[in-house]
Amino acid sequence: MDTDSAGHGPHPADDRTAPHGRSGAEDVRSPDDAGRTDDHRSPDRTLRADGTRSPDDTGRTDDHRPPDGTLRTDGTRSPDDAFRAVLCGDGLRRCPWAPTGPAALEEHDRRWGAPPTGAAGWFEALSLEIFQAGLARWSIAQRREGLRRALRDFEPAEIARMTEDDVDELLLDPGVIRNRVKIEAVVHNARACRGLGPEDWAGHVADLRPAAAEPPPTVLAEARRSPEGDRLAARLKEQGLVFVGRTTAHRFLLRTGVLPGHLAGCFRSGTGSGGSG
């Protein structure tokens, strides 16, 4: 079973309508506007209906224009601009999902794309992607602490000892994803993985790490699957793991920094072993 997660966070509208209800054709300034400073004028009003700028805009600095060259040569913006890395209040550019809440921000800045350091970290990364399947994207970040507490810090040996009664208790815990199939899958996988050390996990993905990988420019360009994820899914299934389809395996590789998981322009892009964390 493998489902894709949906949603990429808020996408700001690109509203080029002139203030006060004027159309773009009425937006060319008259001769008596020469030299006039209108602090209330929208930056987009400097574009004529044909997309060119008026002569008095020569040399003007538009502080609202993104510094990443998102204006086309004709002065218009690309529809993809709303899906690029966004500039946050601290001056750093991040993937669009990062500013959606404190938990998502911490997930983005500290964990997403970071290679795990121990066996529990690798198992946690896989388990989180199992719980993420079918949910709104990045919602798992809000439940991570509850899952860590309920699932014994994601230690496979500890989870492997969980009984059916333990699973029933978890289904009453509002701090976790109360899905019996997913919880039982994680318990099953813990039993299959309890003998694996960090070097074993690293060995599973060693040949899947690309020599060079470019981060996607926009959310729209992010792949839902990859050949590397397909190969990993087959390996994990051969080892007896369940709920590890191609999409889940691909996102596991993004989460652990094996494949690039941050957009081009994001301050986290290119800082990890896979160019992502």
Side-chain angles (χ1 to χ4, degrees), residues 1-9 95 97-98 100-198 201 204-205 229 232-233 236 239-245 247-258 261 276-277:
M1 176 178 179
D2 190 18
T3 53
D4 297 328
S5 55
H8 302 287
C95 301
W97 60 270
T100 57
L105 185 64
E106 183 180 10
E107 173 84 355
H108 176 276
D109 288 4
R110 298 183 56 187
R111 290 186 293 272
W112 181 259
T117 58
W122 286 98
F123 187 74
E124 175 185 0
L126 183 62
S127 299
L128 290 179
E129 288 310 315
I130 289 175
F131 282 114
Q132 175 68 57
L135 301 180
R137 194 176 186 186
W138 313 116
S139 62
I140 197 65
Q142 301 175 6
R143 302 291 186 90
R144 177 178 175 271
E145 290 307 316
L147 288 167
R148 281 182 61 84
R149 171 185 50 77
L151 293 172
R152 306 174 184 184
D153 292 328
F154 289 103
E155 290 286 350
E158 294 296 322
I159 299 175
R161 286 195 280 267
M162 294 179 67
T163 66
E164 186 174 345
D165 288 341
D166 293 325
V167 173
D168 289 339
E169 288 184 13
L170 290 184
L171 294 174
L172 302 176
D173 188 343
V176 304
I177 305 296
R178 293 181 285 185
N179 182 304
R180 179 180 290 276
V181 173
K182 292 181 179 181
I183 294 174
E184 290 180 342
V186 170
V187 173
H188 172 91
N189 291 345
R191 293 168 181 162
C193 296
R194 56 185 156 187
L196 296 181
W201 283 99
H204 274 310
V205 302
L232 178 62
L236 296 178
Q239 190 172 318
L241 276 67
V242 297
F243 218 103
V244 285
T247 300
T248 297
H250 172 69
R251 288 185 57 80
F252 169 78
L253 295 176
L254 299 178
R255 178 178 285 278
T256 56
V258 177
S276 62

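Only this structure's heavy atoms are used, side chains among them; waters, hydrogens and symmetry mates stay out. Computed from a predicted model, the values in this text were never measured in an experiment.
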>> Give me the atom names and distance for the closest heavy-atom approach of Glu106 to Arg111.
In response: OE2-NH1, 3.7 Å
> Roughly how far, to the nearest 0.5 Å, is the CD atom of Gln142 from the CD1 atom of Ile177?
Replying inline: 9.5 Å
> Which of parallel (below 30°), tilted (30 to 60°) and perpendicular (above 60°) describes Trp122 and Phe252?
Replying inline: tilted
> Got Val186 and Leu147 here, is their nearest side-chain heavy-atom distance under 4.5 Å?
Replying inline: no
> Between the main-chain N or O of Val176 and the side-chain N or O of Arg143, is there a donor-acceptor pair closer than 3.5 Å?
Replying inline: yes
> Does the side chain of Leu126 come within less than 4.5 Å of Leu236's, by heavy atoms?
Replying inline: yes
>> Would Glu145 and Arg149 count as a side chain to side chain contact (heavy atoms under 4.5 Å, CB included) here? Give the steps.
In response: CA-CA 6 Å; Glu145 290 307 316; Arg149 171 185 50 77; over 6 Å; no
> Under the side chain to side chain contact (heavy atoms under 4.5 Å, CB included) criterion, do Asp168 and Arg180 qualify, and how do the steps go?
Replying inline: CA-CA 8 Å; Asp168 289 339; Arg180 179 180 290 276; 2.5 Å; yes
> Would Phe243 and His188 count as a side chain to side chain contact (heavy atoms under 4.5 Å, CB included) if you check the C-alpha gap in whole Å, the side-chain angles of each, and the deciding distance to 0.1 Å?
Replying inline: CA-CA 10 Å; Phe243 218 103; His188 172 91; over 6 Å; no
>> Can you tell me how far apart OG (Ser127) and CD1 (Ile183) are? Round to the nearest 0.5 Å.
In response: 11.5 Å
> Got a sec: does the CZ of Arg110 have more than 12 other heavy atoms crowding it under 6.0 Å?
Replying inline: no
> Is the CD atom of Glu184 crowded by more than 12 outside heavy atoms at less than 6.0 Å?
Replying inline: yes
>> For a 4.5 angstrom cut-off between non-hydrogen side-chain atoms, does Asn189 reach Ile130?
In response: yes
>> Just so I know, are the side chains of Glu169 and Asp173 near enough to count as touching, which here means a heavy-atom distance under 4.5 Å?
In response: no
>> Could you tell me if the side chain of Arg251 sits less than 4.5 Å from the side chain of Arg255, heavy atoms only?
In response: no
> Between Leu135 and Gln132, is a side chain to side chain contact (heavy atoms under 4.5 Å, CB included) present by the stated rule, with each step listed?
Replying inline: CA-CA 6 Å; Leu135 301 180; Gln132 175 68 57; 4.0 Å; yes
> Which atom names give the shortest non-hydrogen contact between Leu128 and Ile140, and what distance separates them?
Replying inline: O-CG1, 3.9 Å
> Taking atom CD of Glu129 and atom OG1 of Thr248, what is their separation to the nearest 0.5 Å?
Replying inline: 7.0 Å
> Any idea which heavy atoms bring Ala190 and Ala160 closest together, and the distance?
Replying inline: CB-N, 3.9 Å
> Does Gln239 reach the side chain of Val244, with side-chain heavy atoms less than 4.5 Å apart?
Replying inline: no
> At their closest point, which heavy atom of Gly229 faces which heavy atom of Leu253, and how far apart are they?
Replying inline: N-CD1, 3.7 Å
>> So which atom in Ala133 and which in Lys182 form the shortest heavy-atom distance, rounded to 0.1 Å?
In response: O-NZ, 2.5 Å
>> Any non-hydrogen side-chain atom of Leu151 less than 4.5 Å from a side-chain atom of Phe131?
In response: yes
>> To check you understand the geometry: which heavy-atom pair defines the closest contact between Gly261 and Trp112, and what is its length?
In response: O-NE1, 3.0 Å
> Taking the side chain as C-beta and beyond, is there a heavy-atom pair between Ile159 and Phe123 under 4.5 Å?
Replying inline: yes
